[in-house]
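Letters A, B, ... mirror the listed sequences (proteins, then strands); counts begin at 1.
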There are 2 protein chains.
Amino acid sequence: MTDPARGTTQRNGTTSPRYGNRPTMKDVAARAGVGLKTVSRVVNSEPGVTPDTERRVQEAITALGFRRNDSARILRKGRTASVGLVLEDLADPFYGPLSRAVEEVARDHGALLINGSSAEDPAREQELVLALCARRVDGLVVIPAGDDHRYLEPEISAGVATVFVDRPAGRINCDAVLSDSFGGARDAVAHLIAHGHRRIGFIGDQPRIHTAIERLRGYRAAMSVAGLPVNEAWMSLGATDPSRVLAAAEAMLSGPEPVTALFAGNNRVTVTAVRVLAARPGRAALVGFDDFELADLLSPGVTVVAQDAAQLGRTAANMLFRRLEGADEEPRQVVLPTRLIARGSGEIPPAHRVTS
Amino acid sequence: MTDPARGTTQRNGTTSPRYGNRPTMKDVAARAGVGLKTVSRVVNSEPGVTPDTERRVQEAITALGFRRNDSARILRKGRTASVGLVLEDLADPFYGPLSRAVEEVARDHGALLINGSSAEDPAREQELVLALCARRVDGLVVIPAGDDHRYLEPEISAGVATVFVDRPAGRINCDAVLSDSFGGARDAVAHLIAHGHRRIGFIGDQPRIHTAIERLRGYRAAMSVAGLPVNEAWMSLGATDPSRVLAAAEAMLSGPEPVTALFAGNNRVTVTAVRVLAARPGRAALVGFDDFELADLLSPGVTVVAQDAAQLGRTAANMLFRRLEGADEEPRQVVLPTRLIARGSGEIPPAHRVTS
DNA sequence: GCCGAATTTGACAACGTTGTCTAGAGGCTA
DNA sequence: TAGCCTCTAGACAACGTTGTCAAATTCGGC
């Protein structure tokens, strides 16, 4: 009924697998009437094989449908030619370009990318990272969810090159590539202040997350520089799911001292904020962290602090491969600048708000 | 200067790598004063080890910082517990959720995901797929760029489970999960016709791509059912970069027989079309294939034919693992329905256009 | 037609793990 | 105490590849 070649019968009676009975170099060698090592030489285009022998081997390879088993090769050579990427959520539009950029650099170095989403859960991050280490990836790019990475110490000192992105490593000294969250946030809030706002709300990510804290610092710094007081009710850090953000925004916009402008701490917050503001009479101003597609086509266009996700990924991957090629410097932190893109939503003056 | 443990000195004088001198089970066994197999048993929580022995082994593992080398394990067991995902571009918002869904299902089955972008290049697709096969991934999820997949035949009959997504395999019989492109396109165009449009333009992807052809077929079917003639100048298939789409849209909107509505063949085309229409006086109607974030907040809201990318990925991954668990059925094609979401841009009547 | 050098070729071990199989140690029954 | 059975433990081979090294072959120059 089924093809006998696909069965699991073994030559030697053991329960070893043979990967669904795929042909090996040994099989190719037998068929071509040459030695095992000669097949290896042909497969790897090593010199020292006569054209005639090479032809016979090639024929046997084609006839049997042989493909080299890279698992065995990896075991023997000790390099996996693969890098691991652990991020928060592949479905988030911020991480798509970042991921793609890492992949491109890896490809340039002949490496494949193994991918995993931590779902912002530190335990899952650790589980993923260690699974990748067990596979002996050559290097790791990590967008951390947790804030304690001491579990990585033995791996790093065993030679797994590691670069953190978007957020620094916790409690270990390690390469990192970050965006200038503090500066970007300060610019965003200064922009709102320049347009006349005095009561400004900040809705950010969970305080466990480094970028959330940095952006909060930037917010406070801008307010402080302008000599403006800050009300605790104007700051809200927490999960960025729509319901939480919606509640936070509503509270700020309708409290006893309602804010006249919002600063949104990341792209998901911004999107929800846009919805909240669109549903309300009398527009409040808005600046968001992270650019997003079509931000310019909304009315008003959404003013944002843009960071270059692809550049973040590219920089990190390049640092990784420099280490893999033997660079033995001290761990570095690279901070990439952000850019304020004014599109209108940040320029709405406070006078426009309705008094309830 | 550097830590001697990280050097490449070998015990036996060969050039073998030892993964940066990481400890192996042999080292653990020596330190714990037990046999190799006993360490293996402890690491894999196999029964038949006394608590005392187990403790000694665990201590040695901790002391040496041992972590099992999965490359060797994979070689021995013949299962890699990893699946490959080849898609067009990880940075495209359509593929993010799809990718994430595949990852989640893989995770439920204890497998990791190896990811690659083909950049819509058939040669690169093949290169990636074969690289994944060489690593002996257990299964493959492929969003094909090419239209001839005979190169996969030896791999599939060697036991690599394979499922195509979004577009069917070319010239081989293989599992596939698709969206109902034909039906969705027909509904979209019927929607425009129902709102009074008679001259409707279609801008789609390259004709090499299956979904582009299907959506064109749906467009033609809807026009035909309504008894409407179709002008060749109203159909444009090609690359979906903004410049090409912009040119095509401008041509259709300003020719001798200008269209009064556009049907955009995928999310990238839709975004560009929104820009073109926003920049023009006298709004033409628009329906797009694929939903996108904030489509409802544009004015007018963009009417779309939505497909569920995550569901596409989930379904494909489930089919894959069913095969891996031994299901030995004929290859199947699953077609998932699409859903028309009316938001306003499709309901603009043709009377609104300006006559030039 | 013979020597030495250069070239081609293959036997063998090793990479780090797991499956099989057998040797002991210990406990139980008669 | 002998005989049997159970349980723990380790020796060994194998997974499919590549590095080393030595054997076999070819070739040029005389």
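- Nearest heavy atoms, A/Ala32 versus A/Ala60: CB-CB, 3.9 Å.
- Note: CD1 (A/Ile74) to P (D/dC15) measures 19 Å, nearest angstrom.
- Remark: A/Glu127 engages B/Arg107 in a salt bridge (charged side-chain N to carboxylate O under 4.0 Å, His left out) (not counting sequence neighbours).
- One can place NZ of A/Lys26 at 15 Å from P of D/dT18, the figure rounded to the nearest angstrom.
- For the pair A/Asn69 CG and C/dC15 P, the computed distance is 19 Å after rounding to whole Å.
- For A/Leu75, the side-chain atoms get nearest to C/dG16 when compared with the rest of D/dT17, D/dT18, C/dG16.
- For DNA chain D, the neighbouring residues in residues 54-68 of chain A, judged by any heavy atom under 4.0 Å, are A/Phe66, A/Arg68.
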Derivation of the salt bridge (charged side-chain N to carboxylate O under 4.0 Å, His left out) call for A/Arg167 and A/Glu120: CA-CA 12 Å; A/Arg167 313 164 190 171; A/Glu120 205 68 270; 2.9 Å; yes
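- For the pair A/Asn44 and D/dT18, the criterion of a side-chain N or O lying under 4.0 Å from OP1 or OP2 is met.
- Atom NZ in A/Lys37 sits about 18 Å away from atom P in C/dT7, given to the nearest Å.
- Using a distance-only test at 3.5 Å, with no hydrogens or angles considered, no donor-acceptor pair links the side chain of B/Arg136 to the main chain of A/Ser71.
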Give me, pair by pair, the N or O atoms of the protein and of nucleotides 5-9 of chain D that are less than 3.5 Å apart, along with how far apart they are.
{"residue": "D/dA9", "atom": "OP1", "partner": "B/Thr50", "partner atom": "OG1", "Å": "3.0"}
{"residue": "D/dA9", "atom": "OP1", "partner": "B/Thr53", "partner atom": "OG1", "Å": "2.4"}
{"residue": "D/dA9", "atom": "OP2", "partner": "B/Thr50", "partner atom": "N", "Å": "3.0"}
{"residue": "D/dA9", "atom": "N7", "partner": "B/Arg41", "partner atom": "NH2", "Å": "3.3"}

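- The only member of B/Val43, B/Val28, B/Thr62, B/Val49 that meets side-chain contact (heavy atoms from CB on, under 4.5 Å) when paired with B/Val57 is B/Val28.
- The aromatic rings of A/His149 and A/Phe164 sit perpendicular, their planes meeting at an angle over 60°, well past the 30° parallel limit.
- With hydrogens and angles left out, the side chain of B/Arg76 and the base of C/dT18 share a donor-acceptor pair within 3.5 Å.
- Among the heavy atoms of the strands, none lies under 4.0 Å from B/Asp70.
- B/Ser82 contributes no side-chain N or O that, together with a main-chain N or O of B/Leu113, makes up a donor-acceptor pair within less than 3.5 Å.
- Rounded to whole angstrom, the span from the CE atom of B/Met25 across to the C1' atom of C/dG19 amounts to 13 Å.
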field: A/Glu103/A/Arg314 under salt bridge (charged side-chain N to carboxylate O under 4.0 Å, His left out): CA gap, chis, key distance, verdict
entry: CA-CA 9 Å; A/Glu103 189 203 329; A/Arg314 225 172 357 249; over 6 Å; no
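- Between the side chain of A/Glu125 and the backbone N or O of A/Ser118 there is no donor-acceptor pair closer than 3.5 Å.
- Distances from the side chain of B/Glu46 to the nucleotides C/dT17, C/dG19, D/dT17 place C/dG19 closest.
- Counting to the nearest Å, the P atom of D/dT17 and the CZ atom of A/Arg22 are 10 Å from each other.
- In this structure, B/Lys77 reaches the C/dG19 phosphate: one of its side-chain N or O atoms is under 4.0 Å from OP1 or OP2.
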